[in-house]
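Below is one structure, written out as structure tokens; comments come after it.
Numbering of ligands and ligand atoms starts at 1, following listing order.
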Amino acid sequence: MQKLKIRGGVPLHGEVRISGAKNAALPILAAALLTRDTLALTNMPVLNDIGTMVRLLEQMGVSSARSGHSLSLTAADVGHPVAPYEMVKTMRASILVLGPLLARFGEAKVSLPGGCAIGARPVDLHIKGLEAMGARITIEGGYILARSARLKGARIFMDTVTVTGTENLMIAACLAEGTSVLENAAREPEVVDLAECLIRMGARIRGHGTDVITVEGVDALHGAEHAVMPDRIETGTYLTAVAAAGGEVTLTHARADTLDAVLDKLAEAGAAITRGERHIGIAMHARPKAVNLKTAPYPAFPTDMQAQFVALNAIARGTGIVTETIFENRFMHVQEMLRLGAKIDVEGNTAIVHGVERLTGATVMATDLRASACLVIAGLVAEGETVVDRIYHLDRGYEKIEQKLTGLGARIERSA
Ligand code: UD1
């Protein structure tokens, strides 16, 4: 299993280019199922999760052509509207094919995702919403079996804000008969990017970016070109790495307007932030100050940045209280951080992080994508060598992470 070896203690300097957003790209790829024409995408990140989604679509009959960060998909012949367990278990976002398959073909068979490292993560709201649009859904042999004549527009209230749930229903509603209204919809920028792509494909959507999204169904969608938005979580991760390790870095192809909550907390920790149209600058020349934070749906602080801020607080002056309100089991990184010398108490959904002056290198194990990012940041500041094992999690969501960090002066290498 591949590992990252990091020799910490080097401040980061220079420029890093941010990749396209994984969590915008995944629903956009699924949306290619809505039309027989070609969807041509640019700024597509090169990541394992993207490869998994493309393979999932290919085994249904979708054809794809990839060149670097460009990817075209054509769903002219889809003979097999099935997402098998073997693929869904490696990537929960596979559930995103349910809405488009049902909307265009009237049938879908998608494996239930099951549990994952950070909590139970049910998909009941996806199913309830599709049923409200007229789908008949049963669970058999671990699979969601869905059938429908043409879906019908409906008013759907989601009692929890769900990102992929909102995306699945918004995609399905595009080809439904009549108007759908999604209430308590997710406002995440990735939902907005998906809506913009769907609109380019001929969908009639309004209210994306607010908590009420209205979709007027159309008979068919057509091909389009779309550039995937920059990854705000990758951006936030590099910013937090600089805040922890010190230094001065410019992040290019980044969007500050999607990161207000994170940039505010970095400034509170003592970082000097400059916001440009397409770039963000950060300078940090002192030990960070601990910050309190609470995760919540956008525009509040993202759960996908919580682990990285635990690493920042771990070496900060003072004590930071980190409260996780989205997922019930998202402090797996804490046990590993203790191995590096961090002082953290977990009480229920709260981590009380007492900053220490230094961490010391050790071998640690990545348990999920963002927990891995936390451990890499900790490795960048720890004295001596930190070995982060099981980095396949990192490769799901961070394009060329060791090359990007090496470019900033970090001492980091991959080994078998
Ligand atoms: C997406 C992101 C993930 C991020 C998360 C929260 C993608 C591919 N993944 O995941 O990186 O951490 O948003 O910002 O975009 N819930 C239900 N019933 C449902 C669906 C969700 O109760 O049917 C609950 C979940 O258990 C969780 C909360 O809603 O407590 C939010 O989850 P959700 O927004 O759905 O997360 P994902 O879309 O899976």
Side-chain angles (χ1 to χ4, degrees), residues 20-31 45 47-50 52-53 56 83 88 90-99 110 112-132 137 139 144 156-172 182 184-195 211 228-229 231-234 236-237 258-259 261-262 294-309 323-333 349 368-374 393-394 396-398:
K22 169 177 86 72
N23 286 354
L26 291 171
I28 287 171
L29 292 172
L47 295 170
N48 285 353
D49 272 10
I50 300 300
T52 304
M53 183 60 97
L56 178 63
V88 177
T90 64
M91 190 183 67
R92 291 182 44 87
S94 310
I95 188 74
L96 284 163
V97 299
L98 180 62
V110 178
L112 270 172
C116 73
I118 63 176
R121 298 180 88 173
V123 291
D124 54 311
L125 297 169
H126 302 234
I127 292 175
K128 221 176 109 195
L130 292 169
E131 283 176 339
I137 299 184
I139 309 290
I144 304 167
I156 298 166
F157 171 75
M158 290 164 280
D159 64 7
T160 305
V161 177
T162 159
V163 177
T164 51
T166 300
E167 292 166 345
N168 231 339
L169 299 180
M170 184 168 73
I171 292 173
L182 308 181
N184 201 25
R187 290 179 284 169
E188 267 66 6
E190 293 77 11
V191 175
V192 175
D193 203 40
L194 168 66
D211 59 2
V228 176
M229 66 175 284
D231 196 312
R232 67 191 166 102
I233 306 300
E234 188 198 25
T237 300
T258 60
L259 273 159
V262 172
K294 188 174 178 175
T295 66
Y298 191 84
F301 193 92
T303 175
D304 285 350
M305 283 299 304
Q306 177 258 103
Q308 297 88 319
F309 266 69
T323 306
E324 172 60 55
T325 76
I326 307 284
F327 294 115
E328 70 271 26
N329 190 20
R330 209 174 193 180
F331 284 127
M332 310 278 278
H333 41 289
N349 68 343
D368 71 58
L369 174 54
R370 307 306 169 185
S372 319
C374 159
H393 292 292
L394 268 181
R396 291 184 46 201
Y398 290 94

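Annotation: F327 places no N or O atom under 3.5 Å from an N or O atom of ligand 1; distance criterion only. Distances between N or O atoms of L125 and those of ligand 1 include at least one value under 3.5 Å. The shortest N or O to N or O distance between V163 and ligand 1 is under 3.5 Å. For a threshold of 3.5 Å applied to N or O pairs, the pair formed by E167 and ligand 1 contains no separation below that value. Considering backbone and side-chain N/O atoms, K22 never comes within less than 3.5 Å of an N/O atom of ligand 1.
Using a cut-off of 4.0 Å between Lys/Arg side-chain N and Asp/Glu carboxylate O, E190 and K22 are scored as not salt-bridged. Under the 4.0 Å criterion applied to side-chain N and carboxylate O atoms, R330 and D304 are assigned as salt-bridge partners.
Between V97 and M53, the shortest heavy-atom contact is CG1-SD, 4.3 Å. Counting all heavy atoms, side chain and backbone alike, A373 lies closest to T237 at CB-CG2, 3.9 Å.
With atom 6 (C) of ligand 1 as the reference point, the heavy atom nearest to it among D368, N168, T303 is part of T303.
A heavy-atom separation below 4.0 Å is found between R330 and ligand 1. Residue contact check for ligand 1: I95 places no non-hydrogen atom closer than 4.0 Å to it. Proximity of H126 to ligand 1 is established by a heavy-atom distance of less than 4.0 Å. Proximity of P122 to ligand 1 is established by a heavy-atom distance of less than 4.0 Å.
Remark: ligand 1 atoms within the under-4.0 Å shell around heavy atoms of I326 are 27 (C), 30 (O), 31 (C). Heavy-atom contacts of D304 reach the following atoms of ligand 1: 3 (C), 4 (C), 11 (O), 12 (O) (cutoff under 4.0 Å). Against a heavy-atom cut-off of under 4.0 Å, V161 is close to the following atoms of ligand 1: 29 (O), 31 (C), 34 (O).
A donor-acceptor pair is defined here as one N or O able to donate and one able to accept, closer than 3.5 Å; such a pair exists between the side chain of N184 and the backbone of M158. Looking only at distances, a side-chain donor or acceptor of N168 sits under 3.5 Å from a matching main-chain atom of I95. A donor-acceptor pair under 3.5 Å links the side-chain atoms of E188 to the main chain of Y298, judged by distance alone.
Residue-level proximity to ligand 1 for L96 is absent, since no heavy atom of it falls below 4.0 angstrom. Only the side chain of T160 comes within 4.0 Å of ligand 1, judged by heavy-atom distances.
Test I50, V228, T164, L194 against L26 for side chain to side chain contact (heavy atoms under 4.5 Å, CB included) and you get one pass: I50.
Looking only at side-chain heavy atoms (C-beta outward), L369 and Y398 come within less than 4.5 Å of each other.
Among residues two or more places apart in sequence or in another chain, the side chain to side chain donor-acceptor pair (under 3.5 Å) test is passed with E324 by T295, T303, Q306.
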